Each structure stands twice: as C-alpha cells, then as structure tokens.
Amino acid sequence: MMTKRTWTMLIGMMVAFGLLVTACAPQAAPAPPAEQPAPEEKAPAEEPAAAPEAAEEDAYMTIYGERLPEDAATYDMQIYKVPCDIKGNHITFDFQVAVYQRFCLSDLFQDQLVNLDKDFNVIPASAESWEVSEDGLTWTFHIKPGLQWSDGTPLTAYDWEATYQMIANPEHAWDFAWFYSGVLKNWDEIIAGELPPSELGVKAVDDLTLQITTETPWPPLPAMMQFSFVMQKKALEEHGPLYNSNVETSVSAGPFILDVLEPGKRIELVANPMYKGYRQPRLQRLIAEYRDMSTAFVAFQNYEIDQVGYEWLSPADFEIILSDPVLKENYLRHYGDFRTDYLLFDTYNPPFNDINVRKAFAHAVDREAIVKNVYGEIKAMPAYSMLMPGYPASDTEGKLKEYQKYDCDLAKEYLAKAGYPNGEGFPKLEMWLRNEGPAMQAVFQAVAASISECLNIQIEVSNKDFKVYMDALNAKPTQLQFGAVSYGMDFLDPANLLGIWLSTGRHSWKNDEFDRIVREASSLVGDPEKRKAMFQEAERILVDDVGGVFIAHRWQGDLFQPFIQGDCIREPDSQGIAAWHWGNDWCWGNIYISKDVYNYDTYRGK
Amino acid sequence: MTRYILGRLISLIFVLWVVSIITFTLMHSVPGGPFDEGKQRLPPAAKENLLRKYGLDQPIWKQYLKYMWNALHFDFGVPYQVPTTTVTALIAKTWIITAQVGAMTIALAYGFGLLAGLLAAYYQNSWIDNVVTFTAMLGITVPNFVVALWLILIFSVRLKVLPSGGWSEPDHWLIPGVFSKDWIMPVVAYALAPFSLVARYTRSSVVDTIRSDYVRTARAKGLKERTILIRHVLKNALIPMVTALGPEIPNLLTGSIFIEATFRIPGLGKYFVTSTFNRDYPMIMALVLLIATLWGITYLLTDIVYTWIDPRVRLGGSEGSV
C-alpha cells in the first residue's frame with residue numbers, strides 16, 4: 001500500500017510540475033505525443049498551492065479537454081489492450097489497401113463518410129448529410145468542415161476522390177474489387193483497364209462536396225459507405241499506399257495515430273491530438289499484442305488483455321465463462337456480421353439437381369439439437385433461412401421455418417420420391433469444410449450425422465485448406481458437389497446477403513424468379529416497404545427451392561474485462577442487446593476504463 | 001579431406017537446385033494464390049490485375065528462371081506477407097531470435113540429456129534411472145505446446161513468477177544485457193522433447209558400451225571410474241548418438257511455430273506455416289532452401305565429427321572407412 005501511495009504522490013507531483021513548467025501535459029505517464037498542441041484554455045497554474053487540485057482535476061482530462069465519466073479511472077489508466085493473432089497475414093492498417101491483410105487495430109486512421117447506430121441505422125460520420133438525385137443515380141455527400149489530418153492538412157473530398165481512384169486502379173489490384181462491381185459508375189471498365197481511373201463515378205465537386213454516381217439506382221449506397229475509408233491524397237502521392245505501415249510516414253484523420261509498429265510483436269496507437277472528428281477517444285492508448293490465440297483466454301484471465309472475441313473461445317472456455325458470474329456478465333453477445341452457416345450444393349448435376357433430394361436434406365438436419373448440444377445456445381440460434389432475425393427484411397416471425405424444418409419422416413419421403421427409397425442407391429458423398437476449427441468441425445460432423453442417420457446415406461466430412469475450398473467453389477462449372485460454409489454480411493442491406501445467391505454469384509444454384517426479384521429490388525428507389533416485401537419473397541423462394549440448407553445463425557460476442565465501460569457496449573439496443581455491434585465504429589470514442597480497474601492487478605502501470 | 005568437403009558442398013548445390021524445382025512446381029500446383037476470394041469471386045479483370053501485381057501472369061518456367069536468376073544474386077524477392085521488407089531482411093531479423101532460442105535449447109537439452117542419460121545408465125535400474133526414463137517418456141509423448149500451456153498456467157497465472165510470453169529488449173531483461181526471464185519457459189518447453197531423446201539415446205548406448213570388453217579391461221587396469229566413464233564409455237557411446245541427434249539441430253535452429261506463437265516470440269517459426277497458408281511463394285522458396293542448406297551442412301558436419309570421435313573413420317577414401 002505504501003508503495004502505491006508513494007507512486008500516486010509521485011505521479012501527482014510530476015503532473016503538477018509538468019503543469020507549472022510546460023502547461024501542456026495533462027497526464028504524467030506515458031509521455032504524450034510530441035506534436036500535441038497546448039490546450040489554449042488552460043493557463044499555467046500561477047500559485048504553487050493550487051497545483052495539486054489542478055493536477056487532480058487534470059488527471060481525469062482527455063487530451064481533447066473533455067472530462068472522463070464520473071466512474072472512470074484516471075487518464076493515465078485509459079489504455080486498452082487486445083490480442084492479435086500471431087499467425088495473421090497483415091501488411092496494412094487500411095481497408096483500401098488490402099482488406100484481407102489488415103493489422104489488428106486497423107481502420108482507425110480515418111473516419112468513413114457514415115457509420116451505424118446501435119440499431120444499424122446509417123448515421124453521419126465524416127459526412128454531415130447526403131442526398132440523392134431524382135433519378136436515383138447521383139449521391140451528394142457533404143463533408144463536415146474543419147476536419148483535418150494529423151499533419152495539419154485539411155481533410156477534403158479530394159482525399160476521397162484520390163482514394164477511390166486508387167482502389168479502382170488496375171495496378172493497385174485491390175482484393176475487394178467485387179464490392180463495387182456493377183455499382184459505381186465505370187468501376188468495371190476501370191478495373192479492366194478500359195478506362196482511366198479518373199473516369200470513376202466518385203468526384204470531388206469542391207473541398208467539402210463529394211459526388212458518387214452509380215450505374216443503376218442503388219438505394220443501399222449510404223450503407224455501403226460504411227466502407228468509405230479515406231486515405232490522404234498527399235501521402236499517397238509521396239509514399240504510396242503503404243504509408244501507414246511506417247511510423248514515420250503514417251498520417252491520420254482518425255481518432256488514433258500510429259506510435260509503435262513491430263509486426264509479430266506489438267502495435268501501439270495513441271490518441272490523435274489533431275483529431276476533430278465525431279469520436280474523440282477517451283482511451284489514450286491502444287495496444288495490440290501478438291500471441292497464439294489459443295492462449296488468449298488464459299491471458300484474459302491473467303488480466304493481460306482486455307477483450308477476447310468469441311471466435312477464440314473454446315467450448316471449454318465457455319464452460320468456465322458460463323459458470324463464473326463476473327465472466328458471464330461481461331460476455332456480451334451480439335449479431336456480429338449476421339453470419340449464417342449453411343450447406344451448399346452443385347444443383348446443376350445429380351444428385352442435387354433434383355429438388356426432392358435437396359428438400360430431403362433440408363428436412364433431415366436437426367438444427368435445434370445441434371445448436372443446443374454442439375454449438376451451445378450462447379453461440380448460435382437455429383436457422384431456417386439466410387437472413388438472421390434482426391437483419392433488414394429478415395423473417396423475424398419465423399414464417400419460413402416450415403420450408404426447411406426438421407422432419408425426418410418427411411425427409412425420407414422426399415428421398416424416396418427422388419428414387420432413393422431408404423437411401424438405397426444414393427451415392428456416397430463427401431462434405432467439404434472450409435478450413436474450420438475444431439468447434440465448427442464438430443458442428444458439421446453433427447450435421448452430416450443427422451442427415452446420414454435420417455436418410456440412411458453415407459457422408460464423409462473432409463476439412464479442406466481455405467484456398468483449395470474457395471477455388472473449387474468459385475470454379476465455373478463448380479468443382480464442389482456438397483459443402484458447408486458460412487457467410488457474414490458486407491453491408492447492411494438484403495441486396496448483399498441475398499445478392500450472393502444470384503446465379504452469377506458463388507453458388508451453383510439458379511432460380512430465374514429469384515434472380516429477377518433480387519435484381520429488381522436491389523435497385524428499387526422510393527418505396528422501401530415494397531422493396532422489403534420483394535426481398536422477403538426472394539428469400540422464400542431461396543429456402544423453398546433449397547438453394548442451400550440453412551443450419552444456424554451465429555451469435556457472436558466479446559468477453560470484456562469488467563472495468564471496460566461505455567454506453568456503446570453496456571446500454572442495450574432496441575432489441576435489448578447490449579454489446580459492441582458490427583459497424584459501431586463510434587464505440588472507439590465511447591469506451592473507457594472504469595475505477596474498477598484498481599481492484600485488479602492488470603498490466604497498466606507495470 | 002578438403003577435397004571431400006568441396007565435393008560435398010558441390011553436391012549440396014545440386015541438391016538445392018533439385019529442391020528448388022520440386023518446391024516451385026509443387027507450390028504453384030496447389031490451388032489458390034496470394035489473394036483472397038473467401039467472400040466472392042473477384043471480377044476476372046481484378047484477378048488478372050492481382051496476378052500481374054505478383055508476377056504470376058507469366059508462364060511457370062519463366063517465373064522459375066526469373067526467381068533463380070534473382071536468387072543467384074541473393075535477391076529472394078519481397079514476401080507477400082510483409083511487402084515493406086525483403087525476404088532476406090525478414091529472415092535475418094526473425095531468424096536471429098529463433099536461432100537464439102534454438103541454441104539455448106540445444107545447450108540445455110543436449111547438456112542435461114547427456115548427463116541424465118549417463119547417470120541413468122551408470123546407475124541402471126536405480127531410482128535415478130527410473131526418474132530419467134519416466135521424464136524422457138513424458139517429454140517424448142507430451143507435445144511441446146501442451147507443456148507450454150502447463151508452464152504458463154503454473155508459473156505465470158498461478159505463481160506469477162514468470163512472464164506468460166513476450167520478447168523484451170535487452171535493457172528490460174532480468175539482468176540487463178545478460179539474461180532475460182522471457183527465455184526460461186520457451187526454452188524449457190522446447191527442450192523437453194530433445195532432452196528426452198538425448199537422455200534415452202545416451203542411456204541405451206552407454207549401457208551397451210559399459211559392458212564391453214575394453215571397459216572391463218580398463219577397470220582391470222585400475223583406472224579411475226571417472227576416467228573410464230568419460231574417456232572410454234562416453235566417447236564410444238557418442239558415435240550412434242551423433243547419427244541420431246545431429247539432424248535434430250537444424251530442426252531446433254529453425255524454430256517451432258507452437259513455441260514461438262504460444263510465448264509470443266517474434267521469430268521465424270510462424271512463417272513456415274503462414275507462408276503456406278497465404279501462398280507466399282517467395283517466402284516458401286526461401287524457407288525451403290534455407291532448411292535444405294541447413295540439413296546439408298549438418299550432415300556434412302556430422303560426418304566430420306565422426307572422424308574426430310572415432311579415428312578409424314576416414315572420409316573421402318576407401319581406406320579404413322566405415
């Protein structure tokens with residue numbers, strides 16, 4: 001105790017000293033970034049006697065001059081540490097450089113045009129407003145004035161223009177190029193090298209006005225702008241797209257800036273003192289520590305990290321979590337990216353070209369038992385369709401359940417109708433998995449067992465290398481007869497999760513009526529209710545024609561330390577779910593470390 | 001001898017060339033590429049752009065020739081996983097850490113293994129023998145990542161005496177510049193298996209030797225037990241051990257993904273796995289060639305060590321060779 005008190009006094013004295021001398025250091029340790037501006041409103045303490053009070057007050061002040069919430073720990077404790085997969089393949093902090101090769105704590109060096117609130121409504125971020133032209137083709141985004149980069153350069157629409165021209169440039173070879181295909185004007189021609197990037201339908205009209213033109217009317221465009229991460233035009237020209245992969249050349253218009261980058265070891269970001277955006281952070285430092293993720297839960301229990309995602313928690317870890325009241329209360333379950341696990345078929349060839357076979361499979365999966373006994377109810381809910389309840393146009397009332405519900409007798413009937421009474425003569429199948437971990441392997445083993453027991457057929461489960469699987473799936477004609485896979489959304493609109501079932505998408509299933517409705521609804525402007533009804537009809541067709549057999553919607557979640565607080569994660573949404581929802585990037589301006597942290601022996605201050 | 005060594009080095013170059021062809025062909029025949037199509041198929045034009053970016057649009061023989069030409073100039077390309085550096089720089093930076101762990105592991109495993117095996121053999125069927133045999137059996141059967149997790153649970157989580165992982169800078173070491181706490185658990189976890197191997201080999205070959213005629217003769221001559229053990233028993237027992245344990249050294253020097261990942265050591269080990277998963281062709285090639293070179297050199301050194309241990313062994317000629 002003595003030592004702790006001595007330290008507190010020492011820190012207090014250091015703060016007071018700092019105030020007196022420089023009048024610009026709000027915290028004692030660690031040292032603030034060199035370029036941190038002196039808050040003008042804070043005059044140097046004139047009388048030494050007043051210094052300790054000022055120091056006390058200042059200990060709760062962020063570098064933006066905002067006071068931390070009442071229950072917050074001092075600013076020097078506002079550090080947040082996450083685990084980072086040591087086996088990850090990371091090269092950049094920027095979505096627009098390589099989506100699948102991003103470092104941990106990526107995309108914090110800029111704010112997108114829009115963000116999502118707790119109920120997944122699109123809310124302003126860098127753009128304060130937007131409107132669409134009457135023909136539904138041109139969207140005008142008005143950027144908030146006064147935003148700037150950490151080097152003092154103003155953030156303008158020209159930065160977005162340059163960023164979008166970069167990602168469309170064939171030389172950049174962006175790994176997410178399909179995302180804007182058929183959406184942004186001239187995108188496909190530019191990717192193919194037929195038009196120069198300057199012809200892209202993303203144009204800066206002036207510093208604060210960005211105009212985006214689409215090929216066809218595209219109502220989900222604002223929702224897609226959740227991915228409108230911006231890069232600095234000047235830095236791109238001077239240092240190329242990887243400018244953020246180097247502390248010296250990194251520049252940020254987001255809440256944090258890069259401080260330490262040692263890939264494979266650690267990454268540290270500090271609050272960006274030049275940041276003027278909508279999510280000024282209460283946290284002063286973020287740390288990502290590389291580790292084998294099988295040790296993440298142990299590290300969490302040892303208070304070495306502050307958060308673990310559900311994907312790194314094993315069934316054994318969940319048992320511990322559910323039996324510990326504190327852990328249980330701090331495991332915050334959420335929709336995640338509305339991920340659905342399902343079975344897919346090559347419906348162009350036997351035996352799955354027969355709808356009766358597909359229906360037999362759909363009715364042979366005992367989802368409720370599998371969710372209860374294999375996933376665990378904390379990790380999934382049974383699925384009878386593609387869209388997880390809560391996603392736009394999803395089947396919240398369970399009307400679609402009848403099309404694929406578990407009914408073994410019915411399943412047998414369908415199989416007999418297809419010419420395989422009691423499974424006789426049915427070919428032996430191999431169910432491909434896409435490099436699944438042990439937990440999901442167990443799930444799909446159970447699915448295969450449910451089908452083979454009910455239908456008396458043979459299914460062998462084979463876990464494939466990720467790229468081998470995707471190559472076979474994507475091949476036209478497909479080389480994947482029967483497999484299991486999952487898909488999480490890319491943007492919050494049925495056009496996304498139903499669009500992947502179009503005959504031009506990744507599945508080998510074709511239904512002309514489905515194609516027509518989805519295409520029409522995707523670009524329908526002005527009548528949201530009709531659009532929703534059309535998507536619901538399309539999804540009905542999908543489950544009725546058994547494009548896939550839907551197994552479960554994943555409940556995702558994060559385990560937080562009890563002292564990680566903030567309305568963003570602790571206050572429930574309109575469905576009563578309190579958690580860090582997908583797309584809630586504003587959370588970075590909201591979460592903080594509460595005083596409760598003093599009750600634990602954490603890495604802070606060591 | 002020099003001629004022999006030169007001959008072996010030339011044949012090593014030939015081996016490397018064959019290895020390079022096999023690796024290059026194999027890695028390019030596995031589906032997928034250094035890009036991700038996990039969500040949706042890339043538009044054909046976008047995929048072509050990606051292939052062009054990585055130089056994969058050329059015929060395979062052209063890619064191979066280009067790679068080899070550059071490799072001969074010690075340019076092994078840019079790793080797809082870390083495009084801000086070169087393969088050479090990345091390996092140099094990470095291998096130094098891995099090699100350090102490896103060297104400490106070798107010292108610990110071979111030093112203690114030898115001692116334990118020797119004691120177990122000398123006091124055959126005593127409690128010492130039982131303890132060594134049991135530990136060795138445990139070390140061989142329990143995988144090192146399990147041992148690693150046990151160590152973390154006991155010494156970091158429960159007792160809180162050792163860090164659960166990490167690789168700190170020399171000025172943060174327990175004895176700055178000399179010794180770091182970070183080393184203890186990874187080296188112990190990593191050394192347990194080779195320690196067991198060495199202990200078992202030493203025990204069995206010492207047990208064989210200790211009963212041989214020349215040892216009996218030495219005893220009859222009235223030599224001291226210690227002299228008999230070190231000069232006669234151990235030296236003769238070393239020959240089979242060199243054969244069996246020499247090749248372990250390149251394995252240890254190139255690291256273990258399990259140990260490095262579990263203890264957060266920023267070494268080379270992870271790249272053996274991630275390069276394959278991510279189809280990082282330049283890195284795969286460089287790592288395979290590195291391993292092949294290490295193995296070639298180790299076998300050569302093993303052969304040279306034979307001549308030192310056993311004067312009857314002669315290299316490069318028929319006379320007296322074994």
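Reminder, nothing fancy here: chain letters follow the sequence lines and each chain counts from 1. Quick note: numbers below take in every heavy atom, side chains included, and nothing from hydrogens, waters or symmetry partners. In this text the structure is predicted, and so the values were computed from the model without any measurement.
Within the 4.5 angstrom heavy-atom criterion, atoms from both the backbone and the side chain of A:Asp292 approach chain B. Neither the backbone nor the side chain of B:Leu51 comes within less than 4.5 Å of any heavy atom of chain A. Contacts between B:Val82 and chain A at a heavy-atom distance below 4.5 Å involve the backbone alone (N, CA, C, O). Proximity to chain B (any heavy atom under 4.5 Å) is restricted, for A:Glu304, to the side chain, taken from C-beta onward. Only the side chain of A:Lys476 comes within less than 4.5 Å of a heavy atom in chain B; its backbone stays farther off. Looking at B:Glu260, only its backbone comes within 4.5 Å of chain A, counting heavy atoms on both sides.
Residues B:Thr274 and A:Asn89 are not in side-chain contact: their nearest non-hydrogen atoms beyond the backbone lie 4.5 Å or more apart.
Counting heavy atoms of neighbouring residues, nucleotides and ligands inside a 6.0 Å radius, atom CD1 of B:Ile96 does not exceed 12 of them. More than 12 heavy atoms of other residues, nucleotides or ligands lie within 6.0 Å of CH2 in A:Trp178, so this atom counts as buried by the packing criterion. Around atom CZ of B:Phe258, no more than 12 heavy atoms belonging to other residues, nucleotides or ligands sit under 6.0 Å away.
No donor-acceptor contact under 3.5 angstrom links the side chains of A:Ser508 and A:Asp346, judged on distance only.
Of the listed residues A:Leu242, A:Asn302, A:Val485, the one with more heavy-atom pairs under 4.5 angstrom with chain B than any other is A:Asn302. Of the listed residues B:Phe145, B:Phe277, B:Phe263, the one with more heavy-atom pairs under 4.5 angstrom with chain A than any other is B:Phe277.
The ring of A:Tyr487 has its center no closer than 6.0 angstrom to the ring center of A:His507.
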